[in-house]
Amino acid sequence: MATITVNGESRTFDGDPGTPLLWYLRDEAGLTGTKYGCGQGLCGACTIHLDGVAVRSCMTTIEMADGKSVTTIEGLSPDGEHRVQKAWRELSVPQCGFCQAGQIMQAASLLAKNNAPSDAEIVEEMSGNLCRCGCYQRIHAAVRLAAEGV
């Protein structure tokens with residue numbers, strides 16, 4: 001049995017420890033903000049924080065998350081007031097919106113470890129998160145705005 005703290009709430013899982021965390025979050029915990037994109041950790045749609053670090057939940061197993069803290073988009077800021085979320089709204093970043101939870105989680109992880117990233121650091125950190133609509137310029141601008149303090 002695995003014990004995982006999800007958005008501040010302790011939860012247990014008694015199933016296959018090799019189950020991807022993404023499926024547990026969506027199917028068992030009912031947290032559907034984390035999206036299934038590619039299933040191979042290449043697109044970033046499923047990005048969550050595991051002990052504060054951005055990871056791909058499709059490639060992270062329950063066993064890997066056992067005893068750790070998970071934050072999903074729903075837990076980043078329940079009222080939507082995280083500085084990254086505010087910057088996203090300020091600049092109207094999303095087009096279709098599918099990738100945005102993963103983009104926001106990746107950006108929040110970056111800013112948690114580097115409060116003043118350079119443009120090159122933003123590009124590097126966000127490069128693993130794909131946007132089918134091509135909103136990269138707005139995403140970059142929102143990360144910059146969040147870093148400057150919305």
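Being a predicted model, the structure only gives us computed values, none of them experimental.
- Residues passing the side-chain hydrogen bond (donor to acceptor under 3.5 Å, both in side chains) test with Thr72 are Asn7, Glu74, sequence neighbours excluded.
- Each ring-ring contact (aromatic ring centres under 6.0 Å, His included) pair with one or both residues in residues 72-99, not counting sequence neighbours, would appear here, but there are none.
- In terms of the side-chain contact (heavy atoms from CB on, under 4.5 Å) criterion, residue partners of Ser10 (sequence neighbours excluded) are, by chain and number, Thr3.
- Between the Tyr24 side chain and the Thr19 main chain, no donor and acceptor come within less than 3.5 Å of each other.
- By the side-chain hydrogen bond (donor to acceptor under 3.5 Å, both in side chains) test, Glu121 is found to be paired with Asn114, Ser118, residues two or more places apart in sequence or in another chain being considered.
- Sorted pairs that involve residues 46-73 and meet salt bridge (charged side-chain N to carboxylate O under 4.0 Å, His left out), not counting sequence neighbours, are lacking altogether.
- Contact record, Thr61 with Gly18: CG2-O, 3.6 Å, taken as the closest heavy-atom pair.
- The side-chain contact (heavy atoms from CB on, under 4.5 Å) search around Ser109 returns His49, Ala54, not counting sequence neighbours.
- With sequence neighbours excluded, the residues satisfying side-chain hydrogen bond (donor to acceptor under 3.5 Å, both in side chains) with Ser77 are Asp79.
- Formation of a donor-acceptor pair under 3.5 Å by the Ser57 side chain with backbone atoms of Cys46 is found in this model.
- Nearest heavy-atom pair, Leu91 versus Arg138, reported as atom, atom and distance to 0.1 Å: O-CD, 4.0 Å.
- Residues Ile73 and Val143 are members of one and the same hydrophobic cluster, defined by side-chain heavy-atom contacts under 4.5 angstrom among Ile, Leu, Val, Met, Phe, Trp and Tyr.
- Side-chain contact check for Thr47 versus Val55: every heavy-atom pair is 4.5 Å or farther apart.
- Closest of all the heavy-atom pairs between Arg89 and Gly80 is NH1-O, 2.7 Å.
- Take Glu9 and apply the side-chain hydrogen bond (donor to acceptor under 3.5 Å, both in side chains) test, not counting sequence neighbours, and it matches no residue.
- Counted within 6.0 Å of CD on Glu81, heavy atoms from surrounding residues, nucleotides or ligands total more than 12; the atom is thus considered enclosed.
- The salt bridge (charged side-chain N to carboxylate O under 4.0 Å, His left out) contacts involving residues 125-135 comprise Lys113-Glu125, where partners must be two or more places apart or lie in separate chains.
- A search for salt bridge (charged side-chain N to carboxylate O under 4.0 Å, His left out) contacts involving Asp119 returns Arg144, not counting sequence neighbours.
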Side chains of residues 26-43: which donor-acceptor partners sit under 3.5 Å, not counting sequence neighbours?
unit_1	atom_1	unit_2	atom_2	d
Arg26	NH1	Thr32	O	2.8
Arg26	NH1	Thr34	O	2.8
Lys35	NZ	Thr32	O	2.9

